[in-house]
Engineer: 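A single structure is presented below for examination.
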Amino acid sequence: MGVEERGAAIESGLERALARVGIERPSGLTRLTGGATMESWRFSAGGEDFVLRRAPSAAMMEGRAIGHDIEAAAIRAVHAVGVLAPEIVVELEEADGLGTGFVMRALPGTPDPRTILGDNSGEAEGRLLGGQLARELAGIHNIDPGSLPTGLPTLDPAEGVAGLRTQYEEAGGNRPIVALALRWLVDNLPGPTEPALIHGDYRLGNVLVAGTELTGVLDWELAHLGDPHEDLAYACLTVWRFARIDRPAAGLASLDDWFAAYESAGGRRVDRARFHWWLVYRTCWWALGCWRMGRTWREGADRTVERAIISRRTSEQELDLLLLLEGEAPEEERTKSLPASSSPPPPTGEATAGELATAISEWLATVKDRMEGHDRFQHAVARNALGIIARDYAAQVIATDAQLARALLEGERTLAEPGLLARLRRTTLDKLAVDMPKYPALAVARRKWTGED
């Protein structure tokens with residue numbers, strides 16, 4: 001189905017859904033960029049702006065802990081008590097022909113992290129917005145669980161780690177750093193705590209900000225009951241700080257300011273050891289989530305270029321995991337020099353597969369101005385994919401080692417082993433230089449581990 005035909009089909013389905021709540025025909029339908037699993041479309045109707053959030057196919061909902069019905073009910077519940085969640089106006093039905101999902105009233109502000117960080121680049125502005133995010137999170141965690149819809153799952157840390165291990169084994173079980181993290185999580189499980197409502201995806205990119213003011217909290221698809229430290233930590237993952245990795249709290253503020261704002265708003269007292277555990281857990285969780293995107297693409301549930309390329313972001317999280325866990329190694333291992341990178345001979349003769357990818361990418365650059373909207377975004381993703389192919393062919397980095405991974409997972413080998421940390425560091429640097437060379441933490445790790453920029 002072409003872009004115009006697809007848009008017309010969505011408009012037709014929306015018209016049926018909106019008619020049930022007395023809202024007139026939609027217009028100005030525009031696909032929004034971003035979103036790792038769901039589609040979002042903005043449109044106008046009756047002089048107001050709305051957003052459609054949907055999964056086009058049932059296959060895309062497989063494996064999710066909650067469906068759109070429970071997600072919508074949770075959003076309605078938190079909106080009713082003053083949380084900055086959008087107002088749900090109608091939920092999709094099968095007859096609408098749009099898959100599953102719902103329509104919300106649009107809120108002011110932008111979700112774009114780079115715009116948000118640019119508008120709050122000063123230390124004072126960052127601290128103020130970070131404080132708003134922390135206070136909103138405290139409000140979410142203080143909601144009475146009895147007011148929430150039934151069907152929200154509870155995340156027990158031990159069960160969560162077991163689930164991660166299952167995902168890891170299903171994906172091949174051959175990435176040593178993920179295995180190292182899984183073992184550490186088991187060995188350092190936190191004790192029980194009274195469960196609270198957890199957003200599950202609370203970070204820049206899933207909140208709306210207008211200038212310096214927080215205006216909305218979006219994407220409740222991972223909502224569940226659990227430990228508040230999980231949300232506090234997830235917002236602080238390196239990947240969600242974007243280019244501002246020197247400010248641990250969402251790229252905006254220090255951890256001291258983050259914790260103080262949260263506690264002063266009525267949040268529970270922060271336990272830094274629990275916070276660190278959840279930081280490792282959610283970094284590992286996202287590594288496996290990225291890895292799983294390859295399977296999603298391969299099995300045909302979503303054949304977009306974006307889905308395939310996200311799978312290569314696993315190496316970002318492996319770098320972050322190693323930075324989080326390298327303190328477990330003896331000092332003599334932490335100060336050891338890294339082995340040299342492998343250097344395949346330069347190509348000669350006919351163009352290599354990597355050079356062909358570069359040639360296609362260079363041609364795509366010449367047609368960029370012909371692209372609009374989501375196609376322009378996908379154009380950029382396609383060029384990124386071609387860059388990975390070219391670098392992958394040239395570097396030939398092997399990041400898998402099933403035997404080492406198994407030994408680390410079982411605790412038979414550790415970072416105390418002479419030379420192991422240095423070897424993992426080198427492989428991680430080289431793999432990430434292939435997959436996502438602009439990842440900001442790569443330069444930080446390279447300086448820390450090699451003294452090079």
Side-chain angles (χ1 to χ4, degrees), residues 1-11 14 26 28-44 49-57 60 98-99 101 104 106-107 109-119 201 203-209 216 218-219 221 239-243 251 286 289-290 292-294 296-297 300-316 357-358 360-391 435-440:
M1 183 183 294
V3 175
E4 292 185 3
E5 291 177 312
R6 188 183 185 201
I10 292 175
E11 283 191 6
L14 271 174
L29 187 69
T30 303
R31 172 79 184 270
L32 301 177
T33 60
T37 55
M38 297 294 117
E39 282 187 9
S40 293
W41 297 77
R42 190 180 180 100
F43 63 93
S44 298
D49 291 333
F50 299 87
V51 173
L52 163 67
R53 181 170 170 78
R54 71 163 190 152
S57 69
M60 291 182 66
L98 294 175
M104 312 169 282
L107 293 171
T110 177
D112 179 54
R114 288 167 180 80
T115 301
I116 294 169
L117 292 173
D119 290 343
D201 205 1
R203 59 175 176 85
L204 292 191
N206 286 339
V207 296
L208 292 171
V209 177
L218 310 176
D219 294 359
E221 64 187 271
V239 66
W240 306 136
R241 301 180 216 165
F242 298 88
W286 182 230
C290 292
R292 193 167 58 248
M293 295 294 179
T296 299
W297 181 89
D302 184 348
R303 294 287 288 190
T304 61
V305 180
E306 183 183 8
R307 196 67 48 224
I309 202 171
I310 288 175
S311 71
R312 298 299 289 256
R313 296 188 65 179
T314 302
S315 54
E316 294 178 348
T358 299
I360 296 170
S361 178
E362 290 174 352
W363 173 78
L364 281 175
T366 67
V367 299
K368 177 180 178 181
D369 292 341
R370 304 179 200 174
M371 305 292 179
E372 295 181 356
H374 193 68
D375 286 340
R376 192 178 181 92
F377 170 74
Q378 291 282 47
H379 175 276
V381 172
R383 290 198 67 205
N384 285 342
L386 289 166
I388 292 173
I389 295 170
R391 293 187 297 271
D435 294 340
M436 299 290 161
K438 295 182 180 179
Y439 188 56

Engineer: Return a table of donor-acceptor pairs under 3.5 angstrom between the side chains of residues 378-385 and protein atoms on other chains or two or more places apart.
Structural biologist:
{"residue": "His379", "atom": "NE2", "partner": "Leu364", "partner atom": "O", "Å": "2.7"}
{"residue": "Arg383", "atom": "NE", "partner": "Ser361", "partner atom": "O", "Å": "3.1"}
{"residue": "Arg383", "atom": "NE", "partner": "Ser361", "partner atom": "OG", "Å": "3.1"}
{"residue": "Arg383", "atom": "NH2", "partner": "Ser361", "partner atom": "OG", "Å": "3.4"}

Engineer: Could I get the full list of salt bridge (charged side-chain N to carboxylate O under 4.0 Å, His left out) partners for Asp201, not counting sequence neighbours?
Structural biologist: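 So Asp201 forms a salt bridge (charged side-chain N to carboxylate O under 4.0 Å, His left out) with Arg203.
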Engineer: Which value, rounded to the nearest 0.5 Å, describes the distance between Thr30 atom OG1 and Leu52 atom CG?
Structural biologist: 12.0 Å
Engineer: Ring-plane angle category for Trp240 and Trp286, please: parallel below 30°, perpendicular beyond 60°, tilted otherwise.
Structural biologist: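 Tilted, since the angle between the ring planes falls between 30° and 60°.
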Engineer: Side chains of Phe242 and Leu117: closer than 4.5 Å at any heavy-atom pair?
Structural biologist: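 In contact.
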Engineer: Check whether any side-chain heavy atom of Leu98 sits under 4.5 Å from a side-chain heavy atom of Leu14, and report yes or no.
Structural biologist: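 They are in side-chain contact.
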Engineer: Would you call Arg391 and Asp435 a salt bridge, taking side-chain N to carboxylate O under 4.0 Å as the test?
Structural biologist: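 Salt bridge between Arg391 and Asp435, a charged N being under 4.0 Å from a carboxylate O: no.
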Engineer: For the residue pair Ala390 and Ala357, what are the closest heavy atoms and their distance?
Structural biologist: N-CB, 4.2 Å
Engineer: Heavy-atom distance under 4.5 Å between the side chains of Arg376 and Asp369, does that happen here?
Structural biologist: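 Result yes, sub-4.5 Å side-chain heavy-atom pair found.
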Engineer: Quick one: do Phe377 and Met371 satisfy side-chain contact (heavy atoms from CB on, under 4.5 Å)? Show the steps, please.
Structural biologist: CA-CA 9 Å; Phe377 170 74; Met371 305 292 179; over 6 Å; no
Engineer: My understanding is that only residues two or more places apart in sequence, or in another chain, count here; which of them pass salt bridge (charged side-chain N to carboxylate O under 4.0 Å, His left out) with Arg42?
Structural biologist: Asp49
Engineer: Between Ser40 and Arg53, what is the shortest heavy-atom contact and its length?
Structural biologist: OG-NH1, 4.1 Å
Engineer: Restricting to side chain to side chain contact (heavy atoms under 4.5 Å, CB included), what partner residues turn up for Trp297, sequence neighbours left out?
Structural biologist: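 Once residues adjacent in sequence are excluded, the partners of Trp297 under the side chain to side chain contact (heavy atoms under 4.5 Å, CB included) criterion are Arg303, Arg307, Ala308.
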Engineer: Does some side-chain heavy atom of Asp375 sit less than 4.5 Å from a side-chain heavy atom of Arg370?
Structural biologist: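 Arg370 does not reach Asp375 side chain to side chain.
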Engineer: Using 0.5 Å steps for rounding, measure from the CG atom of Leu218 to the CG atom of Leu107.
Structural biologist: 7.0 Å
Engineer: Looking only at heavy atoms, which two atoms of Gly294 and Ser311 are closest? And how far apart?
Structural biologist: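 Looks like N-CB, 3.4 Å.
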Engineer: Ile388 versus Ile309: any side-chain heavy-atom pair under 4.5 Å?
Structural biologist: yes
Engineer: Only counting residues at least two apart or in another chain, list the ones meeting salt bridge (charged side-chain N to carboxylate O under 4.0 Å, His left out) with Arg313.
Structural biologist: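 Only Glu316 meet the salt bridge (charged side-chain N to carboxylate O under 4.0 Å, His left out) criterion with Arg313.
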Engineer: How long is the gap from CD1 on Ile310 to CD on Glu306, to the nearest 0.5 Å?
Structural biologist: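 So the CD1 of Ile310 and the CD of Glu306 are separated by 4.5 Å.
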Engineer: Under the rule for side chain to side chain contact (heavy atoms under 4.5 Å, CB included), what residues qualify as partners of Ile116, not counting sequence neighbours?
Structural biologist: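 Scan of Ile116 (side chain to side chain contact (heavy atoms under 4.5 Å, CB included), adjacent residues dropped) gives Thr110, Asn120, Leu129, Leu204, Val209.
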Engineer: Under a 4.5 Å cut-off applied to non-hydrogen side-chain atoms, are Val51 and Trp41 in contact?
Structural biologist: no
